[in-house]
Amino acid sequence: VLQRINHDIFINPVQLCGNAQQINRHLVKQKNNANYPLMVPQQVVSNDGDIAVKIDGYYWRLMEFIEGSYTLEGVSSPEQAAQVARAFALFSRALSDFPIDRLDVIIADFHDISFRMRQLSEAVTNNHENRLADCQKAVELCLSQQDFFEQVVEISNKLPLNVTHNDTKINNLLFSKTSGNPCAVIDLDTCMPGFLMHDFGDMVRTCCSNLTEDDASIEKMVLNIDIFQALITNYQQAFGDKLSPLERESLLVGAKLLPFIMGTRFLTDYLNGDKYFQVSRANHNLDRAKNQLQLYKLVSAAEFKLVPFIR
């Protein structure tokens with residue numbers, strides 16, 4: 001698989017490929033010791049020993065193609081959610097003893113709620129595109145969540161850093177055509193030091209809503225509790241004793257944090273004139289923001305139902 005690395009998002013492609021190379025080597029060792037059951041797709045090294053090659057100003061890399069595999073674009077059942085949770089838990093568990101200080105930070109402050117709120121506040125103050133009036137309620141919702149901000153900061157100060165994938169959607173798994181089960185975790189571009197609650201929260205964000213993230217009909221949004229239960233139960237089971245009590249507790253914080261973070265990012269980009277996320281229609285980023293903030297509200301409202309799933 002030949003890939004040109006996106007320089008607009010990833011400003012240090014060599015570091016990105018270096019992180020992936022270190023992670024792959026560690027996973028191969030774990031697999032050889034029977035501690036990791038999934039395949040480890042490799043980056044192909046050039047004749048000169050490079051894992052990324054610069055051609056005409058762009059970095060390119062070549063990755064191993066896994067025969068007999070396929071991808072899925074969405075979760076349609078608790079059984080599929082269980083597969084997603086187990087696969088990403090096995091990935092992180094196998095990396096739980098990786099020396100975290102060896103990894104480069106690929107995108108600084110990626111899930112830092114304080115940083116994202118500062119970005120939103122600046123966008124509101126500047127209001128360069130005169131769009132504030134169109135999203136005032138969404139802005140007010142974001143800025144009113146002080147108790148949640150403090151909860152996130154407090155638990156973040158106590159949590160250990162782990163290798164996190166940071167894009168734990170089902171389409172970043174390869175499934176075996178033979179067994180129908182996940183056979184590999186792919187797309188390690190955003191792997192870097194982080195908190196496990198971020199990876200779990202992204203699973204919730206991308207699996208538990210009945211709507212896609214840019215669907216504007218948010219009054220029809222439903223939080224799928226059965227899928228949430230499958231995610232959190234199987235994530236904890238697959239991780240086993242490598243997951244501390246505090247990390248288990250943090251999973252529910254992450255389930256609220258990732259929709260909220262994405263909601264603020266979409267809202268900030270809308271206010272700034274759609275500079276970061278690609279859009280295909282008017283108010284696309286505003287629709288995304290409202291969608292993700294609605295999911296945040298639904299998870300928050302259902303928290304009393306979700307707490308018993310933490311074990």
Side-chain angles (χ1 to χ4, degrees), residues 75 81-82 84-96 98 100 103 105-117 145 147-170 172 185 188 190-209 223 225 227-265 292-293 295-311:
V75 168
V84 172
R86 284 195 297 268
F88 282 115
L90 290 170
F91 176 83
S92 294
R93 178 186 168 95
L95 292 163
S96 60
F98 183 92
I100 199 71
L103 286 185
V105 174
I106 300 303
I107 303 176
D109 302 315
F110 194 41
H111 293 317
D112 185 327
I113 193 169
S114 299
F115 173 70
R116 296 303 184 186
M117 292 310 299
Q145 303 305 302
D147 289 346
F148 179 57
F149 307 159
E150 292 174 1
Q151 180 189 22
V152 172
V153 171
E154 181 180 3
I155 200 165
S156 297
N157 288 334
K158 299 175 183 176
L159 288 169
L161 287 172
N162 289 271
V163 179
T164 47
H165 185 280
N166 293 304
D167 197 7
T168 50
K169 300 190 292 285
I170 192 172
N172 280 327
V185 173
L188 309 188
T190 51
C191 284
M192 56 185 162
F195 302 128
L196 295 175
M197 68 175 180
H198 296 157
D199 275 359
F200 181 76
D202 207 32
M203 279 184 267
V204 171
R205 188 184 78 81
T206 57
C207 295
C208 290
S209 171
L223 176 69
I225 301 293
I227 286 180
F228 182 95
Q229 183 176 7
L231 287 175
I232 198 165
T233 299
N234 284 274
Y235 192 78
Q236 292 176 102
Q237 287 177 351
F239 230 109
D241 59 5
K242 295 281 188 180
L243 197 64
S244 72
L246 183 63
E247 287 172 317
R248 291 174 190 269
E249 179 187 336
S250 77
L251 299 181
L252 193 50
V253 177
K256 294 182 291 183
L257 176 61
L258 267 291
F260 183 82
I261 284 280
M262 288 308 302
T264 60
R265 290 181 64 193
Q292 291 298 284
L293 293 173
L295 182 56
Y296 163 71
K297 290 193 290 185
L298 290 178
V299 176
S300 299
E303 189 165 0
F304 73 98
K305 296 179 183 178
L306 309 179
V307 168
F309 301 143
I310 299 173
R311 297 171 185 172

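The analysis underlying the following values was restricted to heavy atoms, covering all of them including side chains, and did not include hydrogens, waters or symmetry mates. Starting from 1, each residue takes its place in the sequence as its number.
Atom CD1 of Ile155 is separated from atom CD of Glu249 by 4.5 Å, given to the nearest 0.5 angstrom. We find the OH-OG distance between Tyr235 and Ser92 to be 4.5 Å, quoted to the nearest 0.5 Å. To the nearest 0.5 Å, the span separating CG on Leu223 from CG on Leu298 amounts to 6.0 Å. We find the CG-CZ distance between Leu231 and Arg86 to be 11.0 Å, quoted to the nearest 0.5 Å. Of the inter-residue distances, the one linking Arg116 atom CZ with His111 atom NE2 reads 8.5 Å to the nearest 0.5 angstrom. Note that CG of Leu159 is 5.5 Å distant from CZ of Phe195, once rounded to the nearest 0.5 Å.
In this structure, the side chains of Ser250 and Leu196 stay at 4.5 Å or more apart for every pair of heavy atoms. Looking only at side-chain heavy atoms (C-beta outward), Arg93 and Asp241 come within less than 4.5 Å of each other. Residues Val75 and Met203 form no side-chain contact, since every pair of their non-hydrogen atoms from C-beta on lies 4.5 Å or further apart. Residues Ile113 and Leu257 meet the side-chain proximity criterion, which asks for heavy atoms closer than 4.5 Å. Here the side chains of Asp199 and Phe88 are not in contact, with every heavy-atom distance at 4.5 Å or above. A 4.5 Å side-chain heavy-atom check between Leu95 and Asn162 finds every atom pair outside the cut-off. A heavy-atom distance below 4.5 Å is found between the side chains of Met192 and Phe110. A heavy-atom distance below 4.5 Å is found between the side chains of Leu258 and Asp202.
Heavy atoms only, all atoms of each residue included: Thr206 and Thr168 are closest at OG1-O, 4.0 Å. Heavy-atom minimum distance, Lys242 versus Ser96: CD-OG, 3.6 Å. Across all non-hydrogen atoms, the minimal contact from Val185 to Ala87 is CG2-O, 4.1 Å. Shown here for Gln236 and Leu251, the closest heavy-atom pair between the two residues is CG-CD1, 4.0 Å. Summarising the geometry of Ala85 relative to Asn234, their closest heavy-atom pair is CB-CB, 4.0 Å, with the distance given to 0.1 Å. Taking every heavy atom of both residues into account, Leu103 and Pro193 meet most closely at CB-CD, 4.0 Å.
Evaluation of the salt bridge (charged side-chain N to carboxylate O under 4.0 Å, His left out) test over residues 150-169, restricted to residues two or more places apart or in two chains, returns Glu154-Lys158, Asp167-Lys169.
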Fill in: Worked check of side chain to side chain contact (heavy atoms under 4.5 Å, CB included) between Leu252 and Phe228
CA-CA 10 Å; Leu252 193 50; Phe228 182 95; 3.9 Å; yes

Worksheet item: So Ile227 and Val204, side chain to side chain contact (heavy atoms under 4.5 Å, CB included) or not? Walk me through it.
Response: CA-CA 9 Å; Ile227 286 180; Val204 171; over 6 Å; no

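Side-chain atoms of Arg248 never come within 3.5 Å of backbone atoms of Ile310 as a donor-acceptor pair (strictly under, hydrogens ignored). Of the possible donor and acceptor atoms, none in the side chain of Asp109 sits under 3.5 Å from a partner among the backbone N and O of Asp112.
Listed by chain and residue number, Phe148, Phe260 satisfy the ring-ring contact (aromatic ring centres under 6.0 Å, His included) test with Tyr296 (two or more places apart in sequence, or in another chain).
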